[in-house]
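By convention in this document, chain letters (A, B, ...) are assigned in the order of the sequence lines, proteins followed by strands, and residues within each chain are numbered from 1. Values reported hereafter were calculated over all heavy atoms of this structure, with side chains retained and with hydrogens, waters and symmetry mates removed.
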Amino acid sequence: NAGVTQTPKFRILKIGQSMTLQCTQDMNHNYMYWYRQDPGMGLKLIYYSVGAGITDKGEVPNGYNVSRSTTEDFPLRLELAAPSQTSVYFCASSYVAKYEQYFGPGTRLTVT
Amino acid sequence: GQQVMQIPQYQHVQEGEDFTTYCNSSTTLSNIQWYKQRPGGHPVFLIQLVKSGEVKKQKRLTFQFGEAKKNSSLHITATQTTDVGTYFCASNNNDMRFGAGTRLTVKP
């Protein structure tokens, strides 16, 4: 099993550009999550999904959108990139809520 | 949603010394999870506590959940250089909330 994979590893965006961060898991987990981690800080939940077709907002959802058309994939969309979105983005999955979460390697995004 | 506060923010120890990080909440937590993140890496799950007063051990690591389920601690006995990293507590009463983490550095 590859676990949780994320692409790309690094990306530089100009202000106003759009992009999609990809996340795939092969563990048949129901729950998937997107977090951002600013330098020296903890992780903040952006969006999560409890299963295909169901998504919900986390603590910091503004400026982002998600979809969950399959169990395996949970892409995160940035529509109009802003410097405040410069961060490391982690995708995670868990079998059910309140179980351990498995994290992907992260995407380091810089918006200039 | 609930907030989990974690202290200290940084801890620098000599190899062989002990280390403790604390996690506190103003509200009762349904569970507490602990993760470790090595520099440049991603968080890795260590353990979950769910019962009031629960204590769990993993080799040199001891995890506690307070009687009121509002605080938790992670204690490392006789630190080693391999313990370097940031330790996070997290809880998901409604959605997942992480503490800010304690960054541990170990001087050989």
With side chains defined as the heavy atoms from C-beta onward, is the minimum distance between A:E59 and B:R97 less than 4.5 Å? yes
Can you tell if the side chain of B:M96 reaches within under 4.5 Å of the side chain of A:Y35, non-hydrogen atoms only? yes
Counting only heavy atoms not in [X], do more than 12 fall under 6.0 Å of its [atom1]?
| X | atom1 | result |
| --- | --- | --- |
| A:I15 | CD1 | yes |
| B:M5 | CE | no |
| A:Y99 | OH | no |
| A:R77 | CZ | yes |

Using atom types as modelled and distance alone, determine if a side-chain donor or acceptor of A:E100 lies under 3.5 Å from a backbone N or O of B:L46. no
Quick check for you: to the nearest 0.5 Å, what is the distance between [X] atom [atom1] and [Y] atom [atom2]?
| X | Y | atom1 | atom2 | answer |
| --- | --- | --- | --- | --- |
| B:N92 | A:Y31 | CG | OH | 9.0 Å |
| B:H42 | A:C91 | NE2 | SG | 11.5 Å |
| A:Q37 | B:F98 | CD | CZ | 9.0 Å |

For A:F90 and B:Q37, what are the C-alpha separation, side-chain angles and deciding distance, and is it a side chain to side chain contact (heavy atoms under 4.5 Å, CB included)? CA-CA 12 Å; A:F90 288 102; B:Q37 185 178 24; 3.6 Å; yes
Under 4.5 Å heavy-atom distance to chain A, tell me which part of [X] shows up: side chain, backbone, both or neither.
| X | answer |
| --- | --- |
| B:Y35 | side chain |
| B:Q6 | neither |
| B:S30 | side chain |

